[in-house]
Amino acid sequence: MAASKNILVSVVSVLALSALGTYAYYANRSPLAPQPAGAQKPAGAPAAAGPPGGFSIPVETAKVALETLQEDVSAVGSLRSNESVVVRPEISGRISGIDFIEGAQVRKGAALVVLDSSTQAAEVQQARANLALAKTNFERTQELQKSKFVSANAGDQALNGLKVAQANLALAEARLAKTRILAPFNATIGLRQVSVGDYVKEGQDLVTLEDLGALKLDFRLPENYFGRVKLGQQVEIKTDAYPGQVFKARLIAVDPLIDQAGRSMSLRAKLDNPDGKLRPGMFANVRLIFSERAGALTLPEEALVPISTEHFVFKVLGGKVQRVKVRIGLRRNAKVEVIEGLQSGDEVVTAGQLKLREGAAVKPLDSGPAAGIAGASAPGKAAAAPGKPGS
């Protein structure tokens, strides 16, 4: 008897679970499932135009807009000075003067560092004295040669002595000039590495010069973009130092050599930096713009309803929705370009598509700043309204 009772309980449980599963399947069937072609509604069946009772379904909507879209590619890069140099002496010597302030602006030709020049100045005086003697000897030889008192060979030797004395003077003056190290271009002075009294050798680092009036931007792109890159294209730059601010640059050079290791190409852009806000070495987020597409139709990405490999939207017409197949293009900033299927000004559903069927009655909600809260509670109120008796 107990065994028969247990079997009966098991059978009842299985039947109850089967009924519950069948109910859940039909209750949760997606309204977006494609209907068989040519399917006919049973005679007398009500139209699927919304929830029971013919009430409108609350949804959020947006209108198709005309915008200018840009075809671009993103990368990362580094900023470099327009001109950069490390100042180094060409001769050894002791520093007798430093004529700059760290971090200050200097003009081209301004003296930066002065070395002790006593030895070089003495060499210049000696060379000038030798030149004066050689010149006098040459002039005297010319007079004697006219009177046939000296040979032509003596005249040639006097001329050669004059030229050697001139070269020695030029060499001594060049050595003296190298004791004054001048700025090669307008620049900003960096931090100096030496002090007055230091003895420096040839090629020793003294200070850096950076031209910050303009900056160069170096970045890389995969080689598959090579055919689309052209000089003069616009480049947009963002840095962590200035969040939300965009700096404009122009592409000025493309390295003709493709890197075999990474299969990438090196590019360089240039931008003006009159205020000195940007500095060399900064990390930059780069956006290279290939072209602009004006008058493109756009709508929010959340309006799309993907089914297999196709895309659909629910367009609102006269308070009801119509499912429309669309062909999409570029995606930018949570918006998508519509190439076919819609026109400017069309209103489409952006939230609530899972509750919709073809021809369903809808009630667009306000999607302004407060719509996120109101839209969340409005469906519950709309669903509760039909249950109020006599309302």
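Sequential numbering from 1 along the given sequence is applied to the chain's residues.
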On the ring face of [Y], is [X] found with NZ or CZ under 6.0 Å from the centre and within 45° of the axis?
| X | Y | result |
| --- | --- | --- |
| Lys238 | Phe247 | no |
| Arg323 | Phe312 | yes |
| Arg94 | Tyr199 | no |

Quiz prompt | Salt bridge flag under 4.0 Å for residues Lys335 and Glu301 | solution = no
Quiz item: Are any of the side-chain nitrogens in Lys315 or Glu347 under 4.0 Å away from the carboxylate oxygens of its partner?
Solution: no
Quiz prompt | The single option from Val194, Ile181, Thr179 passing side chain to side chain contact (heavy atoms under 4.5 Å, CB included) against Ile95 | solution = Val194
Self-check item: Glu90 side chain vs Arg88 backbone, donor-acceptor pair below 3.5 Å
Solution: no
With no hydrogens and no angle check, just 3.5 Å: does a side-chain donor-acceptor pair link [X] and [Y]?
| X | Y | result |
| --- | --- | --- |
| Gln245 | Lys277 | yes |
| Arg220 | Ser264 | yes |
| Asn153 | Ser151 | no |

Self-check item: side-chain contact (heavy atoms from CB on, under 4.5 Å) between Arg250 and Val235, intermediate numbers included
Solution: CA-CA 6 Å; Arg250 290 285 175 184; Val235 179; over 6 Å; no
Quiz item: Roughly how far, to the nearest 0.5 Å, is the OG atom of Ser84 from the CG atom of Asp211?
Solution: 9.5 Å
Quiz item: Would you find more than 12 non-hydrogen atoms of other residues, nucleotides or ligands less than 6.0 Å from Phe226 atom CZ?
Solution: no
Quiz item: Hey, is CZ on Arg287 packed in by over 12 heavy atoms from elsewhere, all under 6.0 Å?
Solution: yes
Quiz item: Only one of Gln105, Glu210, Glu102 forms a side-chain hydrogen bond (donor to acceptor under 3.5 Å, both in side chains) with Thr188, so which one is it?
Solution: Gln105
